[in-house]
Structure formats: structure tokens, C-alpha cells
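Bear in mind the structure is a predicted one, so any value in this text is a computation, not a measurement. Within every chain, numbering begins at 1; the chains are lettered A, B, ... in the order of the sequence lines, protein sequences first and strands thereafter.
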Amino acid sequence: MSKTYICTAIPYVNGNPHIGHAVDYLQADAYARFSRAIGNEVRYQVGTDEHGNKVYGKAQESGLTVETYTSQNSQKFRDFIEKLGISFTDFVRTTDPDHVRRCQEIWRRLEDHIYSAEYEGWYCEGCENFVTQKEFDENHGICPDHQKPYQKLSEKNYYLRIADFKTEVRRRIEKNELRILPEFRKQEVLKLLADAPDVSISRPVGQLSWGVPVPDDNSQVMYVWLDALSNYITVLGYPDEAKKDDFSAWWPATAQFIGKDILRFHAIIWPAILLGLGLELPKTIVAHGYVLSDGQKMSKSLGNVVDPIAVLDRYGLEAFRYYFLRHVDAFADSDFSWEKYDNAYNNELANDLGNLVQRLATLCAKNQIPGGTLLNLDDNEYIDLMRAFESTKAFNYVWQKVQDINKAIDEAKPWVLAKEQRTVELAQVMQDLVAKLLSVAVLLEPFLPQTAEKIITIFTASEILPPTTPLFPKNLESRQR
RNA sequence: CGCGGGAUAGAGCAGUCCGGUAGCUCGUUUGGCUCAUAACCAAAAGGUCGUUGGUUCAAAUCCAACUCCCGCAACCA
């Protein structure tokens with residue numbers, strides 16, 4: 001049995017779970033479930049990123065200790081992940097003492113590629129933060145929040161020498177040893193890589209106190225990258241000697257699922273860190289697009305942010321998974337609107353699939369057709385699509401099969417056979433239809449695990465009976481948005 | 001000239017690499033069926049494939065120029 005390790009980006013805990021996080025988890029989950037179905041042993045990491053000034057500030061605002069605040073927020077994400085039916089195996093928190101300790105050891109091992117230098121930039125005393133040149137220009141040199149001019153300030157930072165790894169990272173990406181999907185993003189990364197600067201990986205404690213202390217320099221704290229990115233390996237126990245065998249059994253990751261906004265960090269800084277440690281690079285990085293709200297990017301200022309919990313509450317988990325795995329493309333930006341969501345639920349889930357289960361089960365019950373047997377996943381076209389991380393296409397392929405069964409029922413006209421008492425023929429036809437639906441249920445499992453389970457239960461029973469309540473009930477107009 | 005993506009039926013998209021009757025889903029219209037959640041099945045209507053020019057027997061597809069949208073540019077998922 002081969003081992004599959006799947007990673008998702010760890011969200012920053014200064015806010016609530018967002019639709020975008022759900023896309024990470026669902027895509028990774030579909031892949032994880034698929035991997036298990038074809039006989040692999042799977043480890044699937046999720047977690048939370050908890051250091052940094054923003055979190056620290058939020059904690060103070062809410063009058064909580066930073067430990068309490070991060071614990072509460074981390075738990076929110078954990079609840080969310082569980083609500084989505086995600087089959088993760090490991091949950092990592094960057095404030096976890098094991099992570100912190102391992103992270104410091106990683107820093108030590110990278111020391112040959114780390115140097116200290118002065119960072120000079122525009123600083124606002126009110127914000128206690130540097131701003132980019134662009135921001136400085138846009139605000140004409142004055143902080144809009146504090147009405148104070150920015151000051152030129154310099155501070156000591158440690159830097160990771162990206163230059164040491166550029167050639168090798170480029171080679172790995174070009175040769176698809178580190179595969180970046182979708183293909184057009186690979187081109188983007190290669191362009192960015194050409195003039196990627198060294199990256200700052202620390203801040204003075206005065207600037208940033210809530211973070212992992214830099215080893216052997218108590219005036220500095222690690223900045224987000226080294227801390228957060230390391231989670232993918234610290235969760236496996238790296239670099240503890242005691243965990244060595246376990247780590248090498250799982251690493252490198254088969255796939256890392258992230259949003260397009262953080263691709264540059266995962267495709268440049270992260271590989272550089274790994275090369276610096278003498279480790280393998282992940283096999284594939286899958287960068288999905290954004291979920292738009294009515295065609296526009298979700299933003300607080302536009303007020304069009306869609307709360308995933310509200311979506312989840314409307315029709316339940318399976319409908320949520322259905323929409324975000326089939327109508328949100330695996331790679332491109334996709335749109336969400338309540339109208340589309342309602343359409344997908346009513347016309348596709350309820351009419352195509354829900355109704356199919358209902359009509360076929362009723363036909364079986366009326367004609368005393370016994371349940372069928374469940375076979376293993378062996379559809380090569382489907383397997384190829386899933387292996388290529390084309391989950392949307394794979395799901396479409398499954399749906400085509402759902403529609404084909406509806407068609408097959410119409411063509412076979414079992415109700416005519418029953419009326420004419422052609423019982424042998426009828427039993428033959430019905431058993432064939434049941435077998436087809438069961439094979440679809442197997443293909444459906446990575447996307448809609450609960451629904452697949454229900455279908456399997458109904459159609460493998462010794463006596464097939466229609467579900468007492470439809471799988472996807474309609475007439476829900478009384479429900480609130 | 002910062003980098004990249006896109007423009008195809010009312011909507012959302014595939015097809016473009018390897019030119020050859022323009023396809024899918026939803027919506028609309030009509031017909032069929034009655035096992036089923038007023039569900040299912042079939043058929044039809046609907047497109048100058050962003051613009052202009054070029055190559056070719058033939059261009060959504062190749063080439064050139066242009067227009068318009070949208071992302072990204074060291075902590076916004």
C-alpha cells in the first residue's frame with residue numbers, strides 16, 4: 001500500500017472561516033478520499049497559523065490573552081473543517097510547542113543560507129508598521145489612519161538567501177519534478193522566480209513580539225514564512241530524530257492545495273527552505289482560483305462576502321460540497337450566487353440524483369428486486385482525471401453517468417415489462433440498473449460521502465426500499481437565506 | 001511597453017496546442033412517458049466565435065495589430 005500525504009494551506013486566525021478556505025479543504029478532501037478508494041494510505045494535514053501582529057492586536061482588542069484568543073479562533077476553524085466532513089488526519093497549530101521547537105531547529109539547519117541586514121523603509125509610528133513604496137505614494141507620504149507623515153526607518157532583519165536555490169527550484173519546476181497546476185500558473189511562477197529577491201524571515205522583538213524566537217538571538221522573532229510554511233513538515237515530526245522513519249515514510253507530500261494568492265510563497269520560498277534542509281520537494285502544488293460573489297471579488301468594503309456557514313445551513317453539507325466541488329472549478333475563478341446555488345440544488349441534486357434514487361428504489365421495491373453488490377473503484381477515465389487533479393471534470397464525468405441512468409430507465413421501460421409480466425427480462429434490466437447506480441455511488445464518494453453511503457445502504461440491502469424522506473427534498477421555500 | 005488570464009447562443013463554460021458541417025449545462029418552447037421529489041426522456045428555437053487585416057481551397061482555431069474586462073506586484077483566502 002503506498003502512502004499519500006496531502007497538505008492544505010493553514011489559515012491565519014485573525015478572522016472567521018471564509019468560503020475560500022472551504023475550497024482548499026474540499027478539493028484536498030476529494031483527493032484524499034479518492035486516494036483511499038484506490039487503496040492508498042492517506043495522511044491529510046490541516047491547521048492554523050497563529051503568530052504575528054494582527055492576531056496579537058486582535059487579542060488585545062477583545063481583552064483576551066493572546067493564547068486564549070488564538071485557541072478560540074483555531075477551534076473555530078477546526079469546527080468548520082469538521083462541519084465540512086473533511087477526512088483530515090492531522091491538525092497543526094503554529095503555537096504548538098512541538099511546532100515552535102521544531103521550527104527553531106529548522107532555522108539552525110538553514111543558517112548557511114541566512115544572513116542579517118538592515119531593512120530600510122517607510123514606517124508609521126501609529127500603525128507600528130512599515131508600508132510599501134506603493135502605499136507610501138498612494139497616501140502621499142501621510143498615514144491615512146493616523147494623519148502622520150511616514151518616517152524613514154531602518155531595522156535589522158534576517159534574510160533567507162533565495163539566490164542560493166533559484167537555479168535548482170527553476171530546474172525542478174521546469175522538469176515537473178515540482179509540478180505546478182494549473183499549467184498557466186507554472187509560467188507565472190517561472191517569471192516571478194527570475195527576479196525573486198531574498199526574503200526577510202525575522203523582525204526585531206520590538207516590532208513583533210508574538211512569534212517564534214530566533215535561536216541564539218533574543219532580539220529577533222521569526223516572521224511568518226519560515227514559521228508557517230514549516231508546518232507541513234513539523235506536523236510529521238521533522239526534524240526530531242525519534243520521528244525520522246515516520247517522516248521519511250510520508251514526505252514528500254503528494255499534493256499541496258492552496259489558493260492562487262499564496263502560490264508564490266509555496267512555489268519559491270517553500271522549495272528554497274526544503275532544498276536548504278536537503279529535503280525532497282512536494283510532488284504537486286495545486287493552486288485554485290477565487291470564489292467570486294455575483295461576479296465580483298468578495299470584499300468587506302463591497303459588502304458582498306458570502307458566509308460559508310449561511311450556505312451550509314441552507315441545504316446542508318452535501319449540497320455545499322456539491323456546489324463547491326462541481327460548480328467551483330478546480331483551477332479557475334468561479335462564481336457563487338444564491339440563485340446559482342438554488343438552481344444547482346433543485347435541478348441537479350434533487351431532480352437528477354435525488355429523484356433517480358427515489359424512482360429506482362421504488363421500482364425495485366414494487367418488483368421485489370434484491371440489492372446488488374458493491375465493486376471496487378476501477379473506472380480508468382475517472383481515475384486519470386482525479387490523478388490529474390481535474391476534480392471538476394471528474395465530477396462532471398460522474399454526473400454524466402447519473403444522467404445516463406435516468407436515460408437508461410426511460411429506454412428500458414421497466415413499468416411496461418411489469419405490466420406485461422415479463423418477469424425474467426424485468427429482473428435482468430433492474431439488476432443492471434442497480435449495478436450501474438452502485439458503481440456511480442463509488443465514484444461519488446470522494447465528493448458526496450454521505451450521499452454515496454445512503455445510496456449504497458439502500459441498494460445493497462437484501463430488500464430495496466425507497467428512503468422515507470427524499471435525499472434532497474425540495475419545497476424548501478420556507479427556509480431562510 | 002511590469003507579469004499573467006480572459007472575450008464563443010439569455011447566463012455559465014468547453015472547443016484553440018495538432019485549421020475542415022460550432023458543442024455542453026442551465027434557462028425558453030413543443031412533444032413523449034407515468035417508475036419517480038409537478039420529477040424523467042426526446043426534439044426545437046437561439047451564436048457575423050471582441051475588432052480589423054493577413055496566411056490558406058478552408059480560420060473560433062495559425063500570424064499581426066487593436067479594443068475592452070479581470071487578477072497579481074514581500075502578511076487581504
*Paired with B:A44 by Watson-Crick or G-U wobble geometry, both distances under 3.5 Å: which nucleotide is it?*
B:U28
*asked:* For B:U61, give the paired nucleotide (Watson-Crick: N1-N3 plus N6-O4 or O6-N4; G-U: N1-O2 and O6-N3; both under 3.5 Å), or none.
replied: none
*Within residues 255-269 of chain A, find the residues that approach RNA chain B with a heavy atom at under 4.0 Å, and present them sorted by residue number.*
A:Lys260, A:Asp261, A:Arg264
*asked:* Among B:C40, B:U37, B:C35, which nucleotide has an atom closest to any side-chain atom of A:Leu471?
replied: B:U37
*Write down the distance between NE2 (A:His327) and P (B:C26), rounded to a whole number of angstrom.*
9 Å
*Just checking A:Val291: base, sugar-phosphate only, or nothing, at a heavy-atom cut-off of under 4.0 Å?*
base
*Upstream residue (5' side of RNA chain B) when A:Leu363 and A:Lys191 are each assigned their closest nucleotide*: A:Lys191
*Parallel, tilted or perpendicular: which fits the ring planes of A:Trp399 and A:Tyr322, with parallel below 30° and perpendicular above 60°?*
tilted
*Look up atom CD in A:Gln75 and atom CZ in A:Phe91, then write down how far apart they are to the nearest 0.5 Å.*
7.5 Å
_Which nucleotide, if any, forms a Watson-Crick or G-U wobble pair with B:C3, using both distances under 3.5 Å?_
B:G71
*Would you state whether a donor and an acceptor, one from the side chain of A:Asn351 and one from the base of B:A39, lie under 3.5 Å apart?*
no
*Of all the nucleotides listed (B:A74, B:G12, B:C41), which has the minimum atom distance to the side chain of A:Lys340?*
B:G12
*Would you classify A:His21 as touching base, sugar-phosphate or nothing, given that sugar-phosphate means primed atoms plus P, OP1 and OP2, and contacts are heavy atoms under 4.0 Å?*
sugar-phosphate
*What integer distance in Å separates A:Trp338:CH2 from B:A11:C1'?*
20 Å
*Nearest of B:A42, B:A36, B:C26 to any side-chain atom of A:Thr362?*
B:A36
*asked:* Using a heavy-atom cut-off of 4.0 Å across all strands, would you classify A:Asp352 as base, sugar-phosphate, or nothing?
replied: sugar-phosphate
*Using the C1' atom on both, measure B:U8 against B:A60 and round to a whole Å.*
7 Å
_Counter-base of B:U34, judged by Watson-Crick or G-U geometry with both distances under 3.5 Å_ = none
_Please determine whether a side-chain nitrogen or oxygen atom of A:Asn347 lies at a distance below 4.0 Å from atom OP1 or OP2 of B:G27._
yes
_I'd like the P distance from B:A11 over to B:G53, given in whole Å._
26 Å
_Within the 4.0 Å heavy-atom criterion, would you say A:Lys54 contacts the bases, only the backbone, or no part of the nucleic acid?_
nothing
*With no hydrogens and no angle check, do the side chains of A:Thr94 and A:His99 hold a donor and an acceptor under 3.5 Å apart?*
no
*For the side chain of A:Met298, starting at C-beta, report the closest nucleotide among B:A77, B:C41, B:A39.*
B:A77
*Round to a whole Å and report the spacing from OH of A:Tyr119 to C1' of B:C75.*
12 Å
_C1'-based separation of B:A77 from B:G19 [nearest Å]_ = 41 Å
*Take A:Asp335 and A:Lys366, find for each the nucleotide of RNA chain B with the closest heavy atom, and name the residue whose nucleotide sits nearer the 5' end.*
A:Asp335
*asked:* If I pick the C1' atom on B:C40 and the same atom on B:C49, what distance separates them, to the nearest angstrom?
replied: 33 Å
*Nearest to the side chain of A:Trp415 - B:U37, B:C33, B:A77?*
B:C33
*If the plane angle is over 60° it's perpendicular, under 30° parallel, otherwise tilted; pick one for A:Tyr341 and A:Phe336.*
tilted
*Identify which nucleotide among B:C35, B:U37, B:G71 has an atom closest to any side-chain atom of A:Tyr290, counting heavy atoms from C-beta outward.*
B:G71
*asked:* Could you tell me how far B:U48 sits from B:A22 if I compare only their C1' atoms? Round to whole Å.
replied: 13 Å
*With heavy atoms under 4.0 Å as the rule, sort A:Asn157 into base, sugar-phosphate or nothing.*
nothing
*asked:* The side chain of A:Glu188 is closest to which nucleotide in this list: B:G4, B:C41, B:A39?
replied: B:G4
_Within 45 degrees of the ring normal and closer than 6.0 Å to the centroid, is that where the cationic atom of A:Lys58 sits relative to A:Tyr69?_
no
*Is A:Tyr223 touching bases, backbone alone, or none of the nucleic acid, heavy atoms closer than 4.0 Å?*
base
_Applying a 4.0 Å non-hydrogen cut-off, can you work out what A:Gly52 is touching in the nucleic acid: base, sugar-phosphate, or nothing?_
nothing
_What contact category does A:Pro414 fall into here, base, sugar-phosphate, or nothing, at under 4.0 angstrom with non-hydrogen atoms?_
nothing
*Stepwise, does the ring pair (Phe, Tyr, Trp, His ring centres under 6.0 Å) test hold for A:Phe88 with A:Tyr44?*
CA-CA 5 Å; A:Phe88 69 95; A:Tyr44 173 4; 7.0 Å; no
_Separation between the C1' atoms of B:C24 and B:A14, rounded to whole Å_ = 7 Å
_Below 4.0 angstrom, which residues in residues 75-87 of chain A have at least one non-hydrogen atom near RNA chain B?_
none
*Output the single nucleotide from B:C41, B:C75, B:U25 whose closest atom is nearest the side chain of A:Glu348.*
B:U25
*Quote, to the nearest angstrom, the C1' distance that separates B:U30 from B:G12.*
25 Å
*asked:* Suppose you measure atom P in B:C3 against the same atom in B:A65; what distance do you get, rounded to whole Å?
replied: 14 Å
